[in-house]
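What follows is one structure encoded as structure tokens, with my remarks underneath.
Chain identifiers are assigned alphabetically (A, B, ...) following the order of the sequence lines, protein sequences preceding nucleic acid strands; residue numbering begins at 1 within each chain. Values below: every heavy atom of this structure, side chains too, minus hydrogens, waters and symmetry copies.
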Amino acid sequence: MAIALIDCLHFYVSCERLFRPDLNGQPVVVLSNNDGCAVALSAEARALGLERGSAWFFHRHLRQVRLFSSNYVLYGDISARLMRFVAARVPNIEVYSIDEAFVTLPPTADPLTFIEALRLDIQQAIGIPVRIGLGSTKTQAKCACALIKSERPPNHCYVLGRDRALSQELRQVPVTAIWGIGPAAGRKLHATGVVNAAELAALDERWVLRNLTITGYRIQQELRGIAAIGMERAHALRQHVSCSRGFSRPISSLAELAEAVSSYAEVAIEKLRRHRLEATEILVYIATDPFRPAQRKYYNQARHALPGASSSLLVIIPICMQLLQSIYRSGYAYKKAGVLLLKLHPATHHQHELFTDHERDERLMAALDTIQQRFGRRRIFMASSGIPARRQWQTRAALRSPRFTTCWQELPEVF
DNA sequence: TCTGGGGTCCTAGGACCC
DNA sequence: TCTGGGGTCCTAGGACCC
């Protein structure tokens, strides 16, 4: 069975260009949270020698680059549109990330004709450029996309094994460019003289199992065309939700840390409720800046098991505050904090406990959800989270574009 | 003076049991 | 000098992904 991977080109940049055609042909960079490092680059920005993941601080002098803070609300909405559009045109889709999806093809379709047409339809209807690679497994589809990146066919599509022998094509894919082979596995493979995907496919299976574990073995099978990574993730229940952020400036007081942890917990709980899940364990951590070796370092975390599953602010936030107090030490310059909600269960399967008033909490939370939906997120918030406008530690996003598609006040204007 | 955030999966090793 | 063997469950941490 053939599997195609639809991969958006520098997706965040493409989203920004959607409402700003003047950015076409310009070097565009989208920055991570806190405007820290480059996470998406246009081809023109790459041509300037910039790389994904590099700290923007080092490139401040490049005044010609058009810079944006990440606008997750916009990107999420465009992604959802694109995925809906694709889902209506294929028998099966697995949304793999905000900018990638695996799909199976209709049985009658000629593969290349089909993906070429799909690519043009997406460009036309959604306005986002994509590349589409096709192979007999997910890993092969990934390799096909890697070949599009390196060989740049004009149609931005590639069907593995169509024009050349598979092994010849895989020879063009560096082993470190294979999906699932990271730096550690790459070093092991290089040490035995394996540098491309064809060589990994031909390697002794026992060696692969011993040195790259079951993960590497699956990749090898997939390269050979034997499916080992199923199309099933779409249904998988998530294991945990979290919210963690670096502060715009270091903070050392417990009061300010408490505001941050409380507001991060609010965000995590919002995600939890959106997925209709409940948590039974909570973890809070705080950390100093790992990039300042001169400073005193501190990292600590604490966790707490709830008596029953919950997605209530009134249950979870007080526990977060207790956990924070238990790990807080004065005299450190903290740079980051995080809240993780673990051991999740569907809210529909709630087990009732004797000593908590779950029904009352649920009624209150449902009312809060309604208010947030009607009047906007963060219109009401826990007092423990502090007044948003006064948060000195608030994550930076100084260069964020308008939320063109999801916020009435920020709709694009046409003159 | 800067270096993100949110996930998943796998393995090793400790605790515990019979 | 020797002091079992086999199993499960859980957690921390590494590796990897976008």
With sequence neighbours excluded, residues passing side-chain hydrogen bond (donor to acceptor under 3.5 Å, both in side chains) with [X]:
{"X": "A:S32", "answer": "none"}
{"X": "A:R396", "answer": "none"}
{"X": "A:Y334", "answer": "none"}

Strictly below 4.0 Å: does [X] bring a side-chain N or O up to OP1 or OP2 of [N]?
{"X": "A:R245", "N": "B:dG6", "value": "yes"}
{"X": "A:S242", "N": "B:dG7", "value": "yes"}
{"X": "A:H240", "N": "B:dT8", "value": "yes"}
{"X": "A:K142", "N": "C:dC18", "value": "yes"}
{"X": "A:K336", "N": "B:dG5", "value": "yes"}

Inset, instruction - Figure out the CD1/C1' separation between A:I98 and B:dG7, and round it to whole Å. - result: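 My rounded result for the distance is 13 Å.
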Inset, instruction - Would you mind reading off the distance between A:L50 atom CG and B:dT3 atom C1', rounded to a whole angstrom? - result: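 My rounded result for the distance is 15 Å.
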Tell me which nucleotide among [options] gets nearest to the side chain of [X].
{"X": "A:Q239", "options": "B:dT3, C:dC17, B:dT8", "answer": "B:dT8"}
{"X": "A:R292", "options": "B:dC2, B:dT3, C:dC18", "answer": "B:dC2"}
{"X": "A:D289", "options": "B:dG4, B:dT3, C:dC18", "answer": "B:dT3"}

Inset, instruction - Sequence neighbours left out, what pairs pass side-chain hydrogen bond (donor to acceptor under 3.5 Å, both in side chains) with at least one residue falling in residues 315-325 of chain A? - result: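 Matches after skipping sequence neighbours: none remain.
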Legend entry - Contact list for residues 140-150 of chain A, test side-chain hydrogen bond (donor to acceptor under 3.5 Å, both in side chains), sequence neighbours left out: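 Sorted pair list: A:E100-A:K142, A:S136-A:Q140.
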Legend entry - P gap between C:dT3 and B:dC17, integer Å: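 Result for the P pair: 24 Å, nearest Å.
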Donor-acceptor pairs under 3.5 angstrom involving side-chain atoms of residues 75-86 of chain A: please list them, not counting sequence neighbours.
residue, atom, partner, partner atom, Å
A:Y75, OH, A:E16, OE2, 2.6
A:Y75, OH, A:N71, N, 3.4
A:D77, OD2, A:T405, OG1, 2.5
A:S79, OG, A:I98, O, 2.7

Inset, instruction - Indicate, with a heavy-atom threshold strictly under 4.0 Å, whether A:R238 touches base, sugar-phosphate, or nothing. - result: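 Answer is sugar-phosphate: A:R238 comes under 4.0 Å of backbone atoms only.
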Legend entry - Interface with DNA chain B, restricted to residues 73-82 of chain A and to heavy atoms under 4.0 Å: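 Close to the strand, none.
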Legend entry - DNA chain B contacts among residues 202-228 of chain A, heavy-atom distance under 4.0 Å: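 Hits under 4.0 Å, by residue number: A:T213, A:I214, A:T215, A:R218.
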Inset, instruction - Inspect the contact between A:R162 and A:E169 and indicate whether a charged nitrogen and a carboxylate oxygen are less than 4.0 angstrom apart. - result: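 No salt bridge links A:E169 with A:R162.
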Please write out the pairs of protein N or O atoms and N or O atoms of nucleotides 10-15 of chain C separated by less than 3.5 Å, giving the distance to one decimal.
residue, atom, partner, partner atom, Å
C:dA12, OP2, A:R303, NH2, 3.2

Legend entry - Dot-bracket notation for DNA chain B, counting Watson-Crick and G-U pairs under 3.5 Å, with | for partners on another strand: ....||||||||||||||
Legend entry - All pairs passing salt bridge (Lys or Arg N to Asp or Glu O under 4.0 Å) where residues 2-13 of chain A contributes a residue, at least two apart: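 Residue pairs passing salt bridge (Lys or Arg N to Asp or Glu O under 4.0 Å), neighbours aside: A:D7-A:R131.
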Inset, instruction - Name all residues meeting the side-chain contact (heavy atoms from CB on, under 4.5 Å) criterion together with A:P290; count only those two or more places apart in sequence or in a different chain, and write none if there are none. - result: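 A:P290 satisfies side-chain contact (heavy atoms from CB on, under 4.5 Å) with no residue once adjacent residues are dropped.
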Legend entry - 5′-ward residue of the pair A:K271/A:W56 relative to DNA chain B: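 Mapping each residue to its closest nucleotide by heavy atoms, the 5'-most match is A:W56.
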